[in-house]
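One structure is given here, and the rest of the page talks about it.
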Amino acid sequence: MTSSTAGNPQTTMDHAGTIKAGALRQAVAESFDQTISQLKDLVAIPGIAWPSFDPAPLNRSADAVAGLVRASGFDDVRILRCDKEDGTPGGPAVVARRPAAEGKPTVLLYAHHDVQPTGDLALWETEPFTAVERDGRLFGRGAADDKAGILAHIAAYSAVTRVLGDELGLGVTFFFEGEEEAGSPTFRQFLETHRELLRADVIVVADSSNWKVGVPALTTSLRGLVDGTIEVRVLDHAVHSGMFGGPVLDAPTLLARLIATLHDDEGSVAIEGLVGRDDVAVDLTEEEYRADASVLDGVKLAGTGSIASRMWTKPALSIIGFDAPAVDVASNTLLPRARAKFSLRLAPGQDPAAAMDAVRRHVESHAPFGAQVVFTPGESGNSFLTDTSSKAAAAAMWALGEAWGVPAVEMGIGGSIPFIADLTELYPDVQILVTGVEDPDSRAHSANESLHLGDFRNAIVAEALLLARLNEEGAA
(Lines give C-alpha, C1' and ligand atoms only; values in the text may rest on other atoms or scores of the structure.)
Protein backbone atom coordinates (compact mmCIF):
# COMPACT_ATOMS: atom_id res chain seq x y z
CA MET A 1 0.00 0.00 0.00
CA THR A 2 1.54 3.30 -0.99
CA SER A 3 0.68 6.94 -0.97
CA SER A 4 0.22 8.48 -4.38
CA THR A 5 0.00 11.92 -5.91
CA ALA A 6 -2.85 12.99 -8.10
CA GLY A 7 -0.57 13.03 -11.12
CA ASN A 8 2.08 15.44 -12.39
CA PRO A 9 0.91 18.98 -13.19
CA GLN A 10 0.96 18.50 -16.97
CA THR A 11 -1.09 15.28 -16.80
CA THR A 12 -3.62 16.87 -14.48
CA MET A 13 -3.96 19.95 -16.67
CA ASP A 14 -4.39 17.88 -19.83
CA HIS A 15 -7.13 15.71 -18.33
CA ALA A 16 -8.87 18.64 -16.68
CA GLY A 17 -9.00 20.56 -19.94
CA THR A 18 -10.29 17.65 -22.00
CA ILE A 19 -12.78 16.44 -19.43
CA LYS A 20 -14.27 19.89 -18.70
CA ALA A 21 -13.37 19.79 -15.02
CA GLY A 22 -14.39 23.39 -14.45
CA ALA A 23 -17.83 22.85 -15.96
CA LEU A 24 -18.35 19.67 -13.92
CA ARG A 25 -17.33 21.41 -10.71
CA GLN A 26 -19.74 24.25 -11.48
CA ALA A 27 -22.57 21.81 -12.25
CA VAL A 28 -22.04 20.09 -8.89
CA ALA A 29 -21.96 23.43 -7.07
CA GLU A 30 -25.14 24.69 -8.73
CA SER A 31 -27.14 21.66 -7.61
CA PHE A 32 -25.44 21.11 -4.24
CA ASP A 33 -28.16 22.75 -2.16
CA GLN A 34 -30.71 20.50 -3.85
CA THR A 35 -28.50 17.48 -3.20
CA ILE A 36 -28.32 18.32 0.50
CA SER A 37 -32.09 18.76 0.62
CA GLN A 38 -32.56 15.35 -0.99
CA LEU A 39 -30.13 13.81 1.50
CA LYS A 40 -32.06 15.33 4.40
CA ASP A 41 -35.27 13.82 3.05
CA LEU A 42 -33.64 10.38 2.88
CA VAL A 43 -32.26 10.67 6.41
CA ALA A 44 -35.83 11.26 7.62
CA ILE A 45 -36.80 7.71 6.57
CA PRO A 46 -35.70 5.17 9.24
CA GLY A 47 -35.16 2.25 6.87
CA ILE A 48 -33.62 -0.56 8.94
CA ALA A 49 -33.32 -4.04 7.42
CA TRP A 50 -32.92 -5.97 10.67
CA PRO A 51 -35.65 -8.63 11.09
CA SER A 52 -36.81 -7.13 14.38
CA PHE A 53 -37.76 -3.80 12.75
CA ASP A 54 -40.88 -2.82 10.84
CA PRO A 55 -40.11 -3.24 7.09
CA ALA A 56 -42.45 -0.42 6.04
CA PRO A 57 -39.88 2.40 6.43
CA LEU A 58 -37.32 0.34 4.48
CA ASN A 59 -39.80 0.01 1.62
CA ARG A 60 -40.47 3.75 1.76
CA SER A 61 -36.73 4.34 1.60
CA ALA A 62 -36.46 2.23 -1.57
CA ASP A 63 -39.38 4.11 -3.13
CA ALA A 64 -37.77 7.46 -2.32
CA VAL A 65 -34.42 6.41 -3.77
CA ALA A 66 -36.11 5.09 -6.91
CA GLY A 67 -37.82 8.45 -7.29
CA LEU A 68 -34.50 10.29 -7.10
CA VAL A 69 -33.01 7.95 -9.70
CA ARG A 70 -35.90 8.54 -12.10
CA ALA A 71 -35.56 12.29 -11.62
CA SER A 72 -31.88 12.04 -12.61
CA GLY A 73 -32.89 10.79 -16.05
CA PHE A 74 -33.08 7.01 -15.82
CA ASP A 75 -36.01 5.35 -17.57
CA ASP A 76 -35.22 1.76 -16.52
CA VAL A 77 -35.60 1.83 -12.72
CA ARG A 78 -36.58 -1.27 -10.74
CA ILE A 79 -37.04 -2.25 -7.11
CA LEU A 80 -35.89 -5.84 -6.78
CA ARG A 81 -35.44 -8.33 -3.97
CA CYS A 82 -34.71 -11.99 -3.33
CA ASP A 83 -36.09 -14.21 -0.57
CA LYS A 84 -33.96 -15.27 2.37
CA GLU A 85 -33.37 -18.92 3.22
CA ASP A 86 -36.37 -18.90 5.57
CA GLY A 87 -38.64 -17.61 2.81
CA THR A 88 -38.97 -14.06 4.13
CA PRO A 89 -38.24 -11.29 1.62
CA GLY A 90 -34.82 -9.69 1.50
CA GLY A 91 -34.26 -5.96 1.54
CA PRO A 92 -35.46 -3.94 -1.47
CA ALA A 93 -32.68 -2.96 -3.85
CA VAL A 94 -32.99 -0.15 -6.38
CA VAL A 95 -31.42 -0.99 -9.73
CA ALA A 96 -31.32 1.35 -12.73
CA ARG A 97 -29.42 0.91 -15.99
CA ARG A 98 -28.31 3.15 -18.83
CA PRO A 99 -26.83 0.97 -21.62
CA ALA A 100 -23.38 1.80 -22.93
CA ALA A 101 -22.81 3.08 -26.43
CA GLU A 102 -20.79 0.90 -28.79
CA GLY A 103 -17.20 0.63 -27.60
CA LYS A 104 -17.85 2.32 -24.25
CA PRO A 105 -17.46 0.64 -20.83
CA THR A 106 -20.16 0.23 -18.18
CA VAL A 107 -19.71 1.50 -14.64
CA LEU A 108 -21.80 0.11 -11.77
CA LEU A 109 -22.25 2.58 -8.89
CA TYR A 110 -23.02 0.87 -5.57
CA ALA A 111 -24.27 2.23 -2.26
CA HIS A 112 -26.92 1.14 0.26
CA HIS A 113 -30.01 2.93 1.52
CA ASP A 114 -30.63 0.91 4.70
CA VAL A 115 -29.13 2.18 7.96
CA GLN A 116 -28.06 1.01 11.39
CA PRO A 117 -30.44 1.23 14.35
CA THR A 118 -29.98 4.33 16.48
CA GLY A 119 -28.78 2.64 19.65
CA ASP A 120 -29.19 4.57 22.89
CA LEU A 121 -31.15 7.71 22.02
CA ALA A 122 -29.78 9.45 25.11
CA LEU A 123 -26.36 9.58 23.44
CA TRP A 124 -27.64 11.59 20.47
CA GLU A 125 -27.36 15.38 20.60
CA THR A 126 -30.02 15.73 17.88
CA GLU A 127 -32.91 13.59 16.68
CA PRO A 128 -31.34 10.71 14.68
CA PHE A 129 -33.79 10.89 11.78
CA THR A 130 -33.91 14.67 11.53
CA ALA A 131 -30.87 15.86 9.60
CA VAL A 132 -29.29 18.94 11.22
CA GLU A 133 -26.51 21.13 9.81
CA ARG A 134 -23.96 22.34 12.35
CA ASP A 135 -20.36 23.54 12.00
CA GLY A 136 -20.07 22.43 8.39
CA ARG A 137 -21.41 18.95 9.03
CA LEU A 138 -24.75 17.23 8.54
CA PHE A 139 -25.84 15.12 11.52
CA GLY A 140 -28.26 12.20 11.35
CA ARG A 141 -28.44 8.43 11.03
CA GLY A 142 -27.43 7.53 7.49
CA ALA A 143 -26.22 11.05 6.71
CA ALA A 144 -22.80 9.51 6.02
CA ASP A 145 -23.35 5.73 5.98
CA ASP A 146 -24.55 5.37 3.33
CA LYS A 147 -27.27 7.65 2.05
CA ALA A 148 -24.59 10.18 1.22
CA GLY A 149 -23.06 7.52 -1.03
CA ILE A 150 -26.34 7.27 -2.93
CA LEU A 151 -26.58 11.05 -3.40
CA ALA A 152 -22.90 11.23 -4.41
CA HIS A 153 -23.60 8.77 -7.23
CA ILE A 154 -26.81 10.47 -8.34
CA ALA A 155 -25.37 14.00 -8.16
CA ALA A 156 -22.18 13.02 -10.01
CA TYR A 157 -24.13 11.29 -12.76
CA SER A 158 -26.50 14.25 -13.08
CA ALA A 159 -23.57 16.67 -13.39
CA VAL A 160 -21.94 14.56 -16.09
CA THR A 161 -25.14 14.27 -18.12
CA ARG A 162 -25.70 18.03 -17.97
CA VAL A 163 -22.14 18.88 -19.01
CA LEU A 164 -21.46 16.15 -21.59
CA GLY A 165 -24.94 15.70 -23.02
CA ASP A 166 -24.80 13.55 -26.14
CA GLU A 167 -21.05 13.03 -25.64
CA LEU A 168 -21.83 10.67 -22.77
CA GLY A 169 -21.74 7.11 -24.10
CA LEU A 170 -20.63 5.51 -20.83
CA GLY A 171 -22.93 2.79 -19.55
CA VAL A 172 -24.06 3.49 -15.98
CA THR A 173 -25.84 1.15 -13.57
CA PHE A 174 -27.07 2.19 -10.15
CA PHE A 175 -27.24 -0.60 -7.56
CA PHE A 176 -28.53 0.69 -4.23
CA GLU A 177 -28.79 -2.24 -1.84
CA GLY A 178 -31.40 -2.39 0.94
CA GLU A 179 -29.91 -4.82 3.50
CA GLU A 180 -26.19 -4.10 3.82
CA GLU A 181 -26.35 -3.16 7.50
CA ALA A 182 -28.12 -6.47 8.18
CA GLY A 183 -25.22 -8.42 6.65
CA SER A 184 -26.45 -8.58 3.03
CA PRO A 185 -28.15 -11.97 3.58
CA THR A 186 -29.46 -12.26 -0.01
CA PHE A 187 -26.63 -10.44 -1.78
CA ARG A 188 -25.05 -13.51 -3.38
CA GLN A 189 -28.41 -14.83 -4.55
CA PHE A 190 -29.28 -11.36 -5.85
CA LEU A 191 -26.07 -11.25 -7.91
CA GLU A 192 -26.65 -14.69 -9.33
CA THR A 193 -30.27 -13.89 -10.19
CA HIS A 194 -29.44 -10.57 -11.85
CA ARG A 195 -25.93 -11.38 -13.05
CA GLU A 196 -26.29 -9.91 -16.52
CA LEU A 197 -28.25 -6.88 -15.36
CA LEU A 198 -25.42 -5.94 -12.99
CA ARG A 199 -22.49 -6.83 -15.25
CA ALA A 200 -19.98 -3.98 -15.56
CA ASP A 201 -16.37 -3.18 -16.41
CA VAL A 202 -15.82 -0.99 -13.33
CA ILE A 203 -17.63 -1.06 -9.98
CA VAL A 204 -17.46 1.93 -7.64
CA VAL A 205 -18.43 1.04 -4.06
CA ALA A 206 -19.15 4.29 -2.20
CA ASP A 207 -19.15 2.93 1.35
CA SER A 208 -15.77 3.82 2.81
CA SER A 209 -13.89 6.82 4.17
CA ASN A 210 -11.28 9.39 3.26
CA TRP A 211 -7.94 9.68 5.00
CA LYS A 212 -8.99 12.76 6.96
CA VAL A 213 -11.00 15.93 6.40
CA GLY A 214 -9.41 17.67 3.42
CA VAL A 215 -7.39 14.64 2.25
CA PRO A 216 -9.06 12.18 -0.15
CA ALA A 217 -8.29 8.49 -0.34
CA LEU A 218 -8.93 5.41 -2.42
CA THR A 219 -9.47 2.42 -0.16
CA THR A 220 -7.14 -0.25 -1.51
CA SER A 221 -7.44 -2.92 1.19
CA LEU A 222 -10.16 -4.28 3.45
CA ARG A 223 -9.79 -6.87 6.17
CA GLY A 224 -11.73 -10.11 6.04
CA LEU A 225 -13.91 -11.34 8.88
CA VAL A 226 -14.85 -14.47 10.78
CA ASP A 227 -17.02 -14.68 13.86
CA GLY A 228 -18.55 -17.31 16.09
CA THR A 229 -19.29 -18.29 19.68
CA ILE A 230 -17.21 -19.91 22.40
CA GLU A 231 -19.07 -21.71 25.18
CA VAL A 232 -17.52 -23.02 28.39
CA ARG A 233 -19.30 -25.74 30.41
CA VAL A 234 -18.27 -26.84 33.91
CA LEU A 235 -21.39 -28.12 35.71
CA ASP A 236 -24.51 -30.01 34.79
CA HIS A 237 -26.61 -27.34 36.53
CA ALA A 238 -26.16 -24.29 38.74
CA VAL A 239 -25.30 -24.93 42.40
CA HIS A 240 -25.12 -22.84 45.58
CA SER A 241 -21.89 -20.83 45.61
CA GLY A 242 -21.57 -21.03 49.40
CA MET A 243 -22.08 -24.78 49.68
CA PHE A 244 -19.98 -25.79 46.67
CA GLY A 245 -17.75 -22.82 45.83
CA GLY A 246 -13.99 -23.31 46.04
CA PRO A 247 -13.12 -26.66 44.48
CA VAL A 248 -14.63 -25.69 41.10
CA LEU A 249 -14.54 -22.37 39.25
CA ASP A 250 -17.70 -21.01 37.67
CA ALA A 251 -18.11 -20.89 33.91
CA PRO A 252 -17.83 -17.08 33.49
CA THR A 253 -14.49 -17.09 35.33
CA LEU A 254 -13.14 -19.91 33.18
CA LEU A 255 -14.45 -18.27 30.02
CA ALA A 256 -12.66 -15.07 31.04
CA ARG A 257 -9.42 -17.02 31.47
CA LEU A 258 -9.88 -18.58 28.05
CA ILE A 259 -10.58 -15.22 26.43
CA ALA A 260 -7.40 -13.85 28.02
CA THR A 261 -5.33 -16.35 26.01
CA LEU A 262 -6.48 -14.84 22.71
CA HIS A 263 -3.99 -11.96 23.04
CA ASP A 264 -0.37 -11.81 24.21
CA ASP A 265 1.00 -9.41 26.81
CA GLU A 266 1.41 -6.68 24.18
CA GLY A 267 -2.19 -7.02 23.08
CA SER A 268 -1.44 -8.70 19.73
CA VAL A 269 -3.64 -11.59 18.63
CA ALA A 270 -1.99 -14.77 19.94
CA ILE A 271 -3.68 -17.34 17.70
CA GLU A 272 -1.22 -19.42 15.68
CA GLY A 273 -1.73 -19.62 11.93
CA LEU A 274 -2.96 -16.08 11.24
CA VAL A 275 -1.17 -13.85 8.75
CA GLY A 276 -0.31 -10.19 9.11
CA ARG A 277 2.22 -7.66 7.95
CA ASP A 278 3.48 -4.13 8.64
CA ASP A 279 4.04 -2.54 5.22
CA VAL A 280 1.75 0.49 5.09
CA ALA A 281 3.19 3.73 3.71
CA VAL A 282 0.81 6.13 5.46
CA ASP A 283 0.19 6.14 9.17
CA LEU A 284 -1.55 7.89 12.04
CA THR A 285 0.21 9.25 15.08
CA GLU A 286 -0.80 7.80 18.42
CA GLU A 287 -2.39 11.15 19.28
CA GLU A 288 -4.50 11.09 16.09
CA TYR A 289 -5.65 7.55 16.73
CA ARG A 290 -6.52 8.30 20.35
CA ALA A 291 -8.59 11.29 19.28
CA ASP A 292 -10.34 9.49 16.40
CA ALA A 293 -11.11 6.37 18.49
CA SER A 294 -11.97 8.33 21.68
CA VAL A 295 -9.45 6.33 23.76
CA LEU A 296 -9.58 7.27 27.44
CA ASP A 297 -6.54 8.82 29.09
CA GLY A 298 -4.19 6.23 30.56
CA VAL A 299 -5.34 3.34 28.35
CA LYS A 300 -2.31 1.76 26.69
CA LEU A 301 -2.61 0.97 22.98
CA ALA A 302 -2.45 -2.73 22.09
CA GLY A 303 -0.24 -4.49 19.57
CA THR A 304 3.04 -3.67 17.89
CA GLY A 305 4.12 -2.00 14.68
CA SER A 306 2.59 1.02 12.99
CA ILE A 307 -0.86 2.17 14.06
CA ALA A 308 -2.17 1.81 10.50
CA SER A 309 -0.93 -1.77 10.15
CA ARG A 310 -2.68 -2.71 13.39
CA MET A 311 -5.91 -1.39 11.86
CA TRP A 312 -5.50 -2.55 8.25
CA THR A 313 -3.00 -5.37 7.68
CA LYS A 314 -2.92 -7.34 10.93
CA PRO A 315 -5.62 -9.45 12.60
CA ALA A 316 -7.75 -7.90 15.33
CA LEU A 317 -9.99 -9.89 17.66
CA SER A 318 -12.81 -8.51 19.79
CA ILE A 319 -15.35 -10.05 22.14
CA ILE A 320 -18.60 -8.44 21.04
CA GLY A 321 -21.11 -10.34 23.18
CA PHE A 322 -21.19 -12.16 26.49
CA ASP A 323 -24.00 -14.29 27.92
CA ALA A 324 -24.16 -13.94 31.70
CA PRO A 325 -26.82 -12.85 34.18
CA ALA A 326 -27.22 -9.09 34.57
CA VAL A 327 -25.76 -7.69 37.78
CA ASP A 328 -29.16 -6.52 39.01
CA VAL A 329 -30.57 -10.06 38.92
CA ALA A 330 -27.47 -12.04 39.85
CA SER A 331 -27.85 -14.76 42.52
CA ASN A 332 -25.26 -16.55 44.62
CA THR A 333 -24.81 -19.57 42.37
CA LEU A 334 -21.98 -21.16 40.47
CA LEU A 335 -23.00 -20.73 36.83
CA PRO A 336 -22.64 -23.94 34.83
CA ARG A 337 -22.21 -22.38 31.39
CA ALA A 338 -21.06 -19.12 29.83
CA ARG A 339 -20.86 -18.06 26.21
CA ALA A 340 -19.12 -15.27 24.31
CA LYS A 341 -19.23 -14.12 20.69
CA PHE A 342 -15.97 -13.18 19.01
CA SER A 343 -15.31 -11.11 15.90
CA LEU A 344 -11.95 -11.58 14.19
CA ARG A 345 -10.83 -9.15 11.50
CA LEU A 346 -8.43 -10.79 9.05
CA ALA A 347 -5.41 -9.33 7.31
CA PRO A 348 -5.59 -9.16 3.51
CA GLY A 349 -4.47 -12.49 2.10
CA GLN A 350 -5.85 -14.56 5.00
CA ASP A 351 -8.07 -17.48 4.06
CA PRO A 352 -11.23 -17.20 6.21
CA ALA A 353 -11.67 -20.96 6.53
CA ALA A 354 -8.11 -21.36 7.78
CA ALA A 355 -8.63 -18.52 10.24
CA MET A 356 -11.83 -20.05 11.59
CA ASP A 357 -10.05 -23.37 12.09
CA ALA A 358 -7.16 -21.60 13.83
CA VAL A 359 -9.55 -20.05 16.35
CA ARG A 360 -11.21 -23.41 16.94
CA ARG A 361 -7.87 -25.14 17.55
CA HIS A 362 -6.77 -22.40 19.92
CA VAL A 363 -9.83 -22.38 22.17
CA GLU A 364 -10.06 -26.16 22.30
CA SER A 365 -6.39 -26.50 23.24
CA HIS A 366 -6.55 -23.74 25.88
CA ALA A 367 -9.56 -25.02 27.82
CA PRO A 368 -8.90 -23.88 31.41
CA PHE A 369 -9.09 -26.43 34.20
CA GLY A 370 -10.33 -29.08 31.79
CA ALA A 371 -13.62 -27.27 31.12
CA GLN A 372 -15.66 -28.38 28.15
CA VAL A 373 -15.35 -25.91 25.29
CA VAL A 374 -17.90 -25.79 22.49
CA PHE A 375 -16.85 -23.78 19.45
CA THR A 376 -19.58 -22.74 17.00
CA PRO A 377 -18.43 -21.05 13.78
CA GLY A 378 -20.45 -18.10 12.49
CA GLU A 379 -20.15 -15.86 9.45
CA SER A 380 -17.05 -15.34 7.34
CA GLY A 381 -15.95 -12.96 4.62
CA ASN A 382 -12.89 -12.50 2.45
CA SER A 383 -10.48 -9.58 2.50
CA PHE A 384 -9.92 -7.32 -0.49
CA LEU A 385 -6.95 -5.78 -2.28
CA THR A 386 -7.28 -3.30 -5.16
CA ASP A 387 -5.20 -3.75 -8.28
CA THR A 388 -3.66 -0.31 -8.04
CA SER A 389 -2.02 -0.72 -11.46
CA SER A 390 -5.41 -0.80 -13.21
CA LYS A 391 -6.51 2.02 -15.47
CA ALA A 392 -9.62 2.63 -13.37
CA ALA A 393 -7.60 2.97 -10.14
CA ALA A 394 -5.27 5.48 -11.80
CA ALA A 395 -8.26 7.45 -13.04
CA ALA A 396 -9.80 7.43 -9.57
CA MET A 397 -6.60 8.68 -7.92
CA TRP A 398 -6.37 11.47 -10.49
CA ALA A 399 -10.01 12.45 -10.01
CA LEU A 400 -9.72 12.54 -6.21
CA GLY A 401 -6.63 14.73 -6.32
CA GLU A 402 -8.19 17.05 -8.89
CA ALA A 403 -11.39 17.45 -6.85
CA TRP A 404 -9.72 18.11 -3.50
CA GLY A 405 -6.72 20.01 -4.84
CA VAL A 406 -4.29 17.88 -2.81
CA PRO A 407 -2.69 14.51 -3.59
CA ALA A 408 -4.89 11.50 -2.88
CA VAL A 409 -3.56 8.59 -0.84
CA GLU A 410 -4.14 4.87 -0.96
CA MET A 411 -5.32 3.62 2.41
CA GLY A 412 -6.66 0.54 4.07
CA ILE A 413 -9.79 0.13 6.14
CA GLY A 414 -9.89 -2.13 9.16
CA GLY A 415 -13.49 -3.06 8.49
CA SER A 416 -14.86 -5.63 6.09
CA ILE A 417 -17.20 -5.51 3.11
CA PRO A 418 -17.73 -9.26 2.58
CA PHE A 419 -19.93 -8.87 -0.50
CA ILE A 420 -16.95 -7.54 -2.47
CA ALA A 421 -15.66 -11.11 -2.52
CA ASP A 422 -18.91 -12.14 -4.21
CA LEU A 423 -18.45 -9.40 -6.80
CA THR A 424 -14.91 -10.49 -7.60
CA GLU A 425 -15.93 -14.15 -7.81
CA LEU A 426 -18.87 -13.59 -10.16
CA TYR A 427 -17.13 -10.87 -12.16
CA PRO A 428 -13.45 -11.87 -12.10
CA ASP A 429 -12.39 -9.30 -14.72
CA VAL A 430 -14.13 -6.30 -13.14
CA GLN A 431 -12.12 -3.41 -11.68
CA ILE A 432 -13.46 -2.55 -8.21
CA LEU A 433 -12.88 0.88 -6.67
CA VAL A 434 -13.80 1.49 -3.03
CA THR A 435 -14.43 5.16 -2.32
CA GLY A 436 -16.43 7.02 0.29
CA VAL A 437 -17.70 10.22 1.80
CA GLU A 438 -16.87 9.58 5.44
CA ASP A 439 -13.96 10.83 7.53
CA PRO A 440 -12.52 9.69 10.88
CA ASP A 441 -15.10 11.76 12.80
CA SER A 442 -18.19 10.60 10.88
CA ARG A 443 -19.05 8.11 13.65
CA ALA A 444 -20.83 5.69 11.35
CA HIS A 445 -22.88 3.14 13.35
CA SER A 446 -22.54 5.32 16.45
CA ALA A 447 -24.54 8.14 17.98
CA ASN A 448 -24.18 11.56 16.34
CA GLU A 449 -23.25 10.21 12.93
CA SER A 450 -22.31 13.07 10.61
CA LEU A 451 -21.07 14.06 7.16
CA HIS A 452 -18.51 16.76 6.37
CA LEU A 453 -20.28 18.85 3.74
CA GLY A 454 -17.15 20.21 2.09
CA ASP A 455 -15.70 16.77 1.57
CA PHE A 456 -19.09 15.54 0.37
CA ARG A 457 -19.10 18.13 -2.40
CA ASN A 458 -15.53 17.20 -3.34
CA ALA A 459 -16.52 13.53 -3.46
CA ILE A 460 -19.29 14.33 -5.94
CA VAL A 461 -16.86 16.34 -8.10
CA ALA A 462 -14.32 13.49 -7.98
CA GLU A 463 -16.85 10.93 -9.13
CA ALA A 464 -18.07 13.21 -11.91
CA LEU A 465 -14.47 13.58 -13.10
CA LEU A 466 -13.96 9.82 -12.91
CA LEU A 467 -17.08 9.13 -14.99
CA ALA A 468 -16.06 11.73 -17.56
CA ARG A 469 -12.55 10.27 -17.84
CA LEU A 470 -13.83 6.69 -18.21
CA ASN A 471 -16.25 7.95 -20.84
CA GLU A 472 -13.37 9.49 -22.77
CA GLU A 473 -10.62 6.91 -22.30
CA GLY A 474 -12.42 3.66 -21.43
CA ALA A 475 -11.44 1.26 -18.66
CA ALA A 476 -9.23 -1.24 -20.46
Side-chain angles (χ1 to χ4, degrees), residues 6-32 34-35 38 68-77 95-111 149-176 197-206 216 218 390-405 408 429-433 435 457-476:
N8 63 58
Q10 184 62 43
T11 301
T12 301
M13 183 170 60
D14 286 347
H15 281 304
T18 304
I19 293 171
K20 305 178 182 177
L24 289 171
R25 190 183 296 274
Q26 181 177 350
V28 171
E30 289 173 349
S31 62
F32 191 63
Q34 179 185 20
T35 299
Q38 293 168 338
L68 292 174
V69 173
R70 291 189 186 96
S72 72
F74 277 81
D75 296 323
D76 181 11
V77 183
V95 179
R97 187 171 179 86
R98 168 198 171 115
E102 184 68 27
K104 295 290 187 179
T106 294
V107 179
L108 185 147
L109 304 176
Y110 169 93
I150 290 174
L151 266 302
H153 288 325
I154 292 175
Y157 172 78
S158 298
V160 170
T161 55
R162 292 200 303 275
V163 171
L164 297 188
D166 293 340
E167 297 176 34
L168 181 63
L170 186 72
V172 177
T173 301
F174 286 153
F175 176 21
F176 298 145
L197 179 65
L198 300 174
R199 186 176 295 280
D201 301 288
V202 177
I203 297 176
V204 181
V205 177
L218 182 68
S390 73
K391 192 171 183 179
M397 291 296 289
W398 166 80
L400 291 166
E402 182 72 19
W404 262 263
D429 297 324
V430 75
Q431 300 176 59
I432 297 179
L433 306 173
T435 64
R457 181 169 52 202
N458 289 338
I460 298 170
V461 172
E463 186 163 303
L465 291 170
L466 172 62
L467 295 177
R469 182 162 170 180
L470 292 174
N471 179 68
E472 180 179 279
E473 299 181 359

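Just so you know, residue 1 is the first one in the sequence shown, and it goes up from there. Scope of the values below: all heavy atoms of this structure, side chains included, with no hydrogens, waters or symmetry mates.
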- May I ask you to check whether F174 and Y157 place their ring centres under 6.0 Å from each other? yes
- Hey, what do you get for OG1 (T173) to OH (Y110), rounding to the nearest 0.5 Å? 15.0 Å
- Message: Using side-chain heavy atoms (C-beta onward) and a distance below 4.5 Å, is F175 in contact with L109?
- Response: no
- If you round to the nearest 0.5 Å, how far is OG of S158 from NE2 of H153? 12.5 Å
- Item | Minimum heavy-atom distance A23-V163, with the two atoms named | O-CG2, 3.6 Å
- Query: Which atom names give the shortest non-hydrogen contact between A459 and W404, and what distance separates them?
  - Reply: N-CH2, 3.5 Å
- Item | Where A159 and L24 come nearest, the two heavy atoms and their spacing | O-CD2, 3.8 Å
- Query: If you measure from CG on L466 to CE on M397, what distance do you get to the nearest 0.5 Å?
  - Reply: 12.0 Å
- Item | salt bridge (Lys or Arg N to Asp or Glu O under 4.0 Å) pairs, two or more places apart, involving residues 95-105 | none
- Straight-line distance of T435 OG1 to E463 CD, nearest 0.5 Å: 6.0 Å
- Shortest non-hydrogen contact between S31 and R162, atoms and distance: OG-NH2, 3.5 Å
- With sequence neighbours left out, the residues meeting side chain to side chain contact (heavy atoms under 4.5 Å, CB included) with A155 are T35, I460
- Item | Nearest atoms (heavy-atom pairs only) where D201 meets V430 | O-CG2, 3.5 Å
- Message: Closer than 3.5 angstrom, by distance alone: can the side chain of R25 be matched with the main-chain N or O of A403 as a donor-acceptor pair?
- Response: yes
- For the side chain of Q431 and the backbone of A475, is there at least one donor-acceptor N/O pair under 3.5 Å apart? yes
- Criterion side chain to side chain contact (heavy atoms under 4.5 Å, CB included) on L433 and V205, from CA distance to verdict: CA-CA 6 Å; L433 306 173; V205 177; over 6 Å; no
- Taking it one step at a time, do V69 and F176 satisfy side chain to side chain contact (heavy atoms under 4.5 Å, CB included)? CA-CA 10 Å; V69 173; F176 298 145; 3.8 Å; yes
- Search all heavy atoms of G474 against all heavy atoms of P105 and return the closest pair with its distance. CA-CG, 3.9 Å
- When you look at L108 and V204, which way does the side chain to side chain contact (heavy atoms under 4.5 Å, CB included) test go after all the steps? CA-CA 6 Å; L108 185 147; V204 181; over 6 Å; no
- Donor-acceptor pair, side chain of S390 and main chain of A393, under 3.5 angstrom: yes
- Item | Gap separating the CD atom of E472 from the CD atom of E167, nearest 0.5 angstrom | 9.5 Å
- Item | Euclidean distance, I203 CD1 relative to T106 OG1, rounded to 0.5 Å | 11.0 Å
- Begin with the C-alpha distance, continue with both residues' side-chain angles, and end with the deciding distance and a verdict on side chain to side chain contact (heavy atoms under 4.5 Å, CB included) for N471 and L164. CA-CA 10 Å; N471 179 68; L164 297 188; 3.9 Å; yes
